[in-house]
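The structure appears below as structure tokens.
Both ligands and their constituent atoms are indexed starting at 1 by order of listing.
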Amino acid sequence: MRDMKGRIFYAVLSAGLMAFLGVACCRDVVRVVNPRCEMQVNPVGLSAAAPHLSWELISGERGVEQRFYRILVASSEENLDANRGDKWDSGWVRSDESVYIPYGGAPLRSRETCFWKVRVKTGKGCSAWSQPAAWTMGFMDASAWEARWIGLDRCFEGERTEGHTRLAARYFRKEFDAPGEVRRAVLYISGLGLYEAYINGKRIGTQVLAQAPTDYDKSVFYNVFDVTETICPGENALGVVLGNGRYVSPRNPGMRHFGFPKMFLQLELEYADGTCRKVISDDSWRATAAGPIRANNEFDGEEYDARMEMPGWNESGYADEAWLQAETVAAPGGKLTVQTNPMIEIMDTVRPVAIARIAPGVHILDMGQNMVGWLSMRVQGKRGQTVRLRFAETLKPDGSLYMDNLREAEVTDTYTIADEREHLWEPAFTYHGFRYVEITGYPGTPSLSDFEGRVVYDRMATTGSFTTSDTTINRVYRNAYRGIRSNYRGMPTDCPQRDERQGWLGDRTAGALGESYIFDNGLLYAKWLQDIEDTQRGDGALSDVAPNYWPVYNDDVTWPSAYIVIAQMLYERFGNLQPIVKHYDSMKKWLDHVRDNYMVDYIVTRDYYGDWCMPPELPELIHSQDPARKTNGALLSTSTYYYLIGIMARFAGLTGNTDDIAYFEGQAIAIREAYNRKFFNPATGSYSNNTVTANLLSLVYGLVPKGYEEMVFRHIVDKTMVDFDGHVSTGLVGIRHLMQGLTRHGRADIALRLATNRDYPSWGYMVEKGATTIWELWNGDTADPAMNSGNHVMLLGDLIAWCYEDLAGIRNADGAVAFRRIVLKPSPVEGLDFVDASYRSVRGVIGSSWAKTADAFTWKVVIPANASAVVYVPTCDPSSVREGDRPARSAEGVKFLRSEPGYAVFEVGSGAYCFNVARGQ
Ligand code: RAM
């Protein structure tokens, strides 16, 4: 930074110190990059007493391991520049950890900004300091708030809060004076259900559909923005628009309704002379429901009447005499906390590929892919003309929209033109899941260039890339990618298009594990676990939907299992232990609830959904009616319960609840015995009615009695290959383990077959039928539209995890946290010529790219600095393995460990390697 003297002093001092410590000081060898606080880059508005710091190391050298780190946290940039860690100087800490290091300095205060940097010593030398980073605290306690909740708690003409609810957006404004030079201005805002905020006419932030949805009776989020740049000396104006989101129920009854839109805002101005001033929401604000957004409903769409625009409403000097006085209203019941998951943004833009006129004045626009968000439109016409847009995933044979599977969702946006100028418009408070748009009332002839699709989902990096030599797998992967991002809306949803769009737990239990290779979704899922906890009733029951806008308390086991499985994922994948610590008691309470109410002789008797959406026997069915295809419910819930208490035993150890370990282990023994007594047939070596799901869950959860594993597995193979002719026969529960279960028991070939099938039932069948996302049903092209979305992700099961962990072979080593130790074990299955994958872990990029030719197997791997890997090179002859231009055994940083069936196993440190095996050996 700026202080040159400090820099020189530091350089001299640190060189001396390094010499003293006997550590070679070659700064360029290792660099510390990507410093993050609570896994965000320079976050504003934290409330954690001890925020967690993480960084990555990069180096061109092999075998780089961090041995020490030193973190400096300062109260000013100047102090940090001068290496004065006045908030915290960790000193040199002997540690190889580089993720989720808790801040350990002086207590943090509301509003303060902390500047920090880190440097490390490795076996290959020490790094320079990282680039400086910062975080800013939000409010540590409720006493900082002076704002009041304000709103207009009533319906105006044409509005209703029943049925298909219909409310205009509420607009609020307030002018304020900012005399003198403002050093810093910070805006704290909560706007329910949705808000857009402006200062002096300028939109604050890049987010859309803020803030993230919660059970507003339990938790309410606020967002924090540094708005220093927007404040002018003298007169200023704040403007806020409120939409309905999920606070005003889109369907009442039918979905929880919380009340009328309301807001809570505090703008804090810090002047150069050290004085502070607050502007708060209170009844001095002006308000109106007579603005241009005449109606907004997430299911039904937005109505915008440009004739009612109020130019200048969010700037100072606007004549607001016709506006009403805002009212102070009851606060929502939930606890106000800062939102910790990133907000939704426009993440991509899709240009339409075709437009067709299907009737006079009716055009159909094709976006070329099923997408989620909305359409932006350029239009020019006469005052009073209304353009109507309707959205759908597919078309009928006559080329018009197919809307039956949207159920009661009206999915219609309208724009009424105010004047003859050209206008660009897009909605603010609705979203649609669509590929096709029906355009009516458009003045003139609409053309492709008049429209753009805005893809919206939670801001998160794409962390994974994956391609193979097989075009079907590549297409399926692409569809999965689109489908997964389509269903992030501040919570993972089941679908984005019909009148549902709920955070169904079961859909993500396995999916979350795969998704997290593609997207940096750790903060979203950590937030969702809080949504799940918020659904917990006093008796321990969890809703199958979180937030529970649909309060579905079915006391199922397989759906709420997401709570525990995803907490484990957050720890293993991202290194985040906090969710386990935070939710341990509630998880246990839920398991106890199931035990106390539904466990009879160690069998969990309750199951609600079965192996949901297994491929049915008839094309029009949603669920199979054939008992031979259905898996016993008690088997599903008991095996899942057994699996969960195994995870809980580990959690008990991780959270210091060591007394619970014996309990969980004892339960596990008793359940395993009872389970096998009830469901296992030792004569046939199969479970229950011998479905793939019954045998598979028993096998992968470790329930099968010793010695019978092969027999049980053979049934899985036979059922799949003979009865289902090499096709999937599981629903949502079985598919969680199908691909990896097959592969890890030696039948990667069958998994490959399932992944590359193009006929029914398969993911490739969906591709064959033109799908650009993943369907809710294997028979989504023929089934009843009552429950038939074209953009669900639950049937992906473990497919994506299989792509990364089994085909590319990138895995977290058993017991390792966030890829500190990696296992690279690819499956170079017959039928695939290459796999090229990379995953940006929290420690840096892991790469695995292999290719087979007639004569050689070549495999490039990348292991991030400060990680190591056990590398399984697929050959029976270790001496045939070369790394670069030398035998692998003698290559730098490569150590031969052992031979295993089909693999030569090496250990390597960080770095890039290229292994080669001449084929036929
Ligand atoms: C459907 C949803 C969801 C599933 C539930 C049980 O309504 O689409 O995917 O989890 O049912």
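- Side-chain N/O atoms of Asp759 and His727 include a donor and acceptor closer than 3.5 Å.
- Of the protein's heavy atoms, Asp494 OD2, 3.2 Å lies nearest to atom 2 (C) of ligand 1.
- Classified by interplanar angle (parallel below 30°, tilted 30° to 60°, perpendicular above 60°), the ring pair Trp775/Tyr765 is perpendicular.
- Ionic pairing of Asp611 and Arg629 is not present here: no N-O contact between side-chain nitrogen and carboxylate oxygen is shorter than 4.0 angstrom.
- Evaluated by nearest non-hydrogen atom to atom 5 (C) of ligand 1, the leading choice among Tyr608, Trp550, Trp504 is Trp504.
- Closest to atom 11 (O) of ligand 1, if we only count protein heavy atoms, is Trp612 CZ2, 3.3 Å.
- Between Asp556 and Arg606, none of the side-chain N atoms (NZ, or NE/NH1/NH2) sits under 4.0 Å from a carboxylate O, so this pair counts as no salt bridge.
- In the vicinity of Asp507, heavy-atom distances shorter than 4.0 Å reach the ligand 1 atoms 3 (C), 4 (C), 9 (O), 10 (O).
- Relative ring orientation between Tyr488 and Tyr457 is described as tilted, the plane-to-plane angle lying within the 30° to 60° band.
- Nearest protein heavy-atom neighbour of atom 7 (O) of ligand 1: Glu500 OE2, 2.6 Å.
- Of all atoms in ligand 1, listed by their number and element, those nearer than 4.0 Å to a heavy atom of Met794 are 9 (O).
- Each of the atoms 6 (C) of ligand 1 lies under 4.0 Å from some heavy atom of Tyr609.
- Under a 4.0 angstrom heavy-atom cut-off, Arg498 registers as being in contact with ligand 1.
- Aromatic ring pairs are classed by plane angle as parallel below 30°, tilted from 30° to 60° and perpendicular above 60°; the pair Tyr477 and Phe466 is tilted.
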